[in-house]
Amino acid sequence: MNPQHRLDVLRGVTPPRPHDARAIAALAANPGCARRALMDGAGVDKDAAARHLGFPAPFGQSPFAITRGNVFEALVKADGCAELLRMLRELLGLPVAEVAYHDVENVGAHLRHAHTRTLIDRAARDEHDAGTLYDHPLLSLEIAGHTAYLEPDVVAFQLGGRFHIVEIKSFAVIDGQADPSAVAAAARQAAVYVLALRTLLEELGHDPLKVSHDVVLVCPENFANRPVASLVDVRRQLAVLRRQLTRMSALDRLLEGLPDDLTFDLRPDDDGRPTRPVAELADALRRTTARYAPDCLSTCDMCFFCRDEARQEGASDLLGRQVRDELGGVASVAEALGLADGTRDPAAGQEEIARLLRNAERLRKECLT
Amino acid sequence: MSDRLDDLERRIDELRAGVRTAMRARDGARARVLRAELRGAERAWDALVSGERPVKEEPPRLVTVREQVHQGLRLLGAAAQPRLIVAVSAAFFGGTISSSRLTSLRRDEERSFRSSPFGRPYYLCAALTDRLSPARGLLTLSAWPLERRVVGPLSPRVDFLTCAIAVAEQETGDERADRLLVRMARNIPGAADGTLGPPHRGRVIEAARAELRVHADRDTRDRAELAQRAVAQLDDAARLFGAATLGTIKKEYAT
Amino acid sequence: MSLLTSLARLRALDEGIAQPIATVRHCHLADRPMVFIPLKLSGEAAAPLAAMLGADRDRPRLLVVAQPRNRDLRFAWAAELAGVLLPYVEGFLRDTETVERRNADPYERAIDAPQILVPNRAGVAFVRLLGRSMRFRRADGPYPVPESVPLLGRWLTYFAERAAYPGSSLMPAMTEELGRHWASGQSGLEDANLAALLAWITTGPSDDAEDPLIWPPAGPATDPGFDAEVLAPAMESGSAERVTEALRTQLEPSWRLMWQAIDLLAGLEEGAGVASRWEQDRGSFSGMAAHVAEGAPPQPRRDGAVAAAARLARMERAQAAYDAQRAYDDPLVMAEHRLTGEAFAGEVVDTDPGNTEGEGRSRKLRPLVVIKTDDPVRLSPGTSLGTPQRRAQGAELVSAGEGLVTVKITKGMGRGRTAAPGAVPEIGERVCYTSLTDDFQGSPALPDAEATPWTHGGPPREYVPDDEDAQEEWS
Ligand code: SF4
């Protein structure tokens, strides 16, 4: 059976969950996890699966945050992107004549992707009326055999003949500093757009490197709503992303050794309500190897399920990478404690960590009694 | 009374928890039912606690929303977004509209026009894109020539500069007008003088005109071409409110 | 994290209850701490939503911004907050003591200082942003604010900055403080949840702690579900009471947790070094108060290069001192150093109290002590050592091997020909020696602020807040 077919079996009759840029960016979050790679590769709706298993993901966005994001984006784009033009002129030396604005959304939704292609092609050919700002473009990217459609905020062109992805985020930059995790997330997301746009140029027969790896990040500055732009180099994020995508298209190895009929299907009824017995689905998932880490709690819909599994297994992963590293590869809690109190003999290669653990145990006992 | 309040509070807490649990389980139907009950309980609580239901007071409106938008657009003289129109109306006419009230305006105008064409002295209408469809979020006036109501690639910028000049030409001491001008001037090269006070109006006008000169030729050409196409292809209603796109046609057939 | 702590975490996980990693309390606990739990509006940088605060656990104050997008209401809230916090802070300036200094004028130091406790590190970060958003406001000119607001902004900035100073107890983050004393059986990430961490310490892990319906987050972020289902409709209704009551439900549980955590910490005996670190806090606080009184400008937006380097160096020294002090105060912390071989403990098996070095007038008493230890000693001969048992003494490692360590006492023996009674450990006594020393080096030679090398941006301009600072809208 070919891998694509096997992936379809994995997903079953549950409709595939289309990936957005945030989801694709998150693919790279735990590259070592086979369970996640398989679920994402098959387009499984992890959120629905987790809910059905009784472990709904702890994610949610406040309506206040959503409104604020929309308001800020509207402000940046208001009046023919007046604010954005100012920033591009200041930041990248965009010539004054470059103001042409194309709202890709002026065509019907079903034409948006084709229209984006046409416009980008025209720009890349450098025809004289090539635009400068493309609002609401629709790009696509193949993820393990499925097409994901992506909507960057704006694509800017004519900055030295290169395309720049513009990413508008509503977290504040205060006195030149922003929340590093928010910036990192924005960079990961922007890298997905860069990759998609490069792929598009390549398909059209243009040089993909016409898309800059410097993305323009626009955020509110200080406590005013005034937008400020900065360039963010996303080369590293691009490399990680590419690696993960290649890995996902080479899922055959992960599929090896799994039964042919293994499926994560939820078997939705006519109303879309899952009917698959929970225990059965859980068993199917447990056939795949997870690599739980506390970071999953902020990046993966399956986190509570996998944490629960790690708890049942008594895995030291629960305590975080630092503890894991400290334990030098002793994976189970019982094993580590056994080595510490001497009830278990170290396996080959564990002598050093066993000695340390025994010492640590002796010291704790001495100090606490 | 406080007994009843206690009861209500307990009930409200239960309902809220119920709604959130249902939301987390993505059980929309149940959440809706509970939410409705919750609103009822909250209203009862409000009524009990304050003796009556709080009513939001609306300031008396002498000029209709429609007329306020008309005034704003007349002043600006170019296609503009609701946000800008609201700001202008507030700064120069003491307007009280909020942009959310403008969303249904265009549809109402179109309905009125279709039931009795040219029955009103003016209509608030759409700007037309290069596909002659209504441009998203832009308002224009029916009295304007078509060239002013179509938008080519450079038109958003040209219109912005035109609007900035119009705002700068107004004489007022209103603080809101100053703030609006500061905001616009900031985005025009050479218009702001680096100080924090309100920018010099003559300077703004000059800077905006200078940039306009860069874009004017091409924009005029683009617009003339679009206007010609609109005249050739569109009926009266579509000239004012835009040709339906494929998507909207489909939607209309469906309903 | 050390292996010792990792082991404690494993043990906690196995036993289902947190394990102690300290035997004494390493932070100061004020007689009258101020608990401060601020909430912010989601999606905004520093738009306050509410705060529950107070120094009396039975009477929390609840301050609410019923419409957080309304600037005037936000500043009214800030003024209300100032009305509670400033009198608390300034109340400590009444009683002072005069401190003599060697090469400087004596100064007045407050006898006690304020202590503002926030739930977690994100709370400290939010306090910093609140401070930043308030301290440049003006009571006059455009966008005037109540006079107390910029002053509060300076104090909040001060407290948040001081919170980053190792060993300071002026603004502790509760989850951090608890985490310094107990190891839970969950990850550090999950420890940032106050309810979860407290559950581990008191009753054992509970999934309730992660259910925002049972334990709302301790801020500053609110639960998105609460925002959508409760807060947004309440705000829309325009009823301030409803918003207030809604926010009360989110804050009250955390309020109880904060006081429970205080009780837990109070149950630990105070470490020996706590008082001296608190003395530093008092000095720092008094310095800040004097600064404010002299009419100095608010803290700059960013430090100049020299100030930043000096700050970094200060922090590093404080960290080293804090680490060393905790080890001297607490055998369980010292054990971490024993595990890595920088300290050892054991029983004295032999002594030579009369050993001397040098001849004639320069002849000095240098008693030798031999200790039997199970610890893996990784110190080379000649290393200087200190000991928690006799803090005034200094010693030197002579030799180590086969579980026996010979140590020579080099400092603190006085001028006598024989050792004073008790100065040299007796055979059979348990002792501990470590290469950690509390007397860190003095400040590195940094150029004065005026002499900032041009590579670092030249001398900083004296920071003068301008109108732009004052006019900056508040989100
Ligand atoms: S939560 Fe589970 S499936 Fe997701 S990345 Fe972590 S271990 Fe893999």
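Note on naming: letters A, B, ... go to the chains in the order of the sequence lines (proteins, then strands), and numbering restarts at 1 for each one. Predicted model only: the values in this text are computed from it and were never measured.
- Heavy-atom distances place the side chain of I174(A), and not its backbone, under 4.5 Å from chain C.
- Counting heavy-atom pairs closer than 4.5 Å to chain A, the top-ranked of the candidates D227(C), L4(C), D330(C) is D227(C).
- D375(C) and R362(A) are joined by a salt bridge, as a carboxylate oxygen and a charged side-chain nitrogen come within less than 4.0 angstrom of each other.
- With chain C as partner, the option from P294(A), G314(A), S298(A) having the largest number of non-hydrogen pairs under 4.5 angstrom is P294(A).
- In this structure, chain A has no heavy atom under 4.5 Å from any part of E336(C).
- Looking at L339(C), both its backbone and its side chain come within 4.5 Å of chain A, counting heavy atoms on both sides.
- Interatomic distance, D341(A) CG to R11(C) CZ, rounded to the nearest 0.5 Å: 5.5 Å.
- Looking at R307(A) and E190(C), a side-chain N of the basic residue comes within less than 4.0 Å of a carboxylate O on the acidic one, giving a salt bridge.
- For chain A, no part of P68(C) is nearby; none of its heavy atoms comes within less than 4.5 Å.
- Using a 4.5 Å cut-off between heavy atoms, D207(C) contacts chain A through its side chain alone, with no backbone atom that close.
- If you measure heavy-atom distances from R128(C) to chain A, you find no contacts under 4.5 Å at all.
- Only the side chain of L41(C) comes within contact range of chain A, judged by heavy atoms closer than 4.5 Å.
- Looking at L10(C), both its backbone and its side chain come within 4.5 Å of chain A, counting heavy atoms on both sides.
- Between the side chain of R68(A) and the backbone N or O of E44(C), no donor-acceptor pair lies under 3.5 Å.
- Annotation: maximal heavy-atom pairing with chain C below 4.5 Å, among A360(A), G320(A), A340(A), occurs at A360(A).
- Of the listed residues (P63(A), A293(A), G60(A), A336(A)), the greatest number of heavy-atom pairs within a distance under 4.5 Å of chain C belongs to P63(A).
- Exactly one of N359(A), L356(A), L337(A), L363(A) qualifies for a side chain to side chain contact (heavy atoms under 4.5 Å, CB included) with L7(C). That residue is L337(A).
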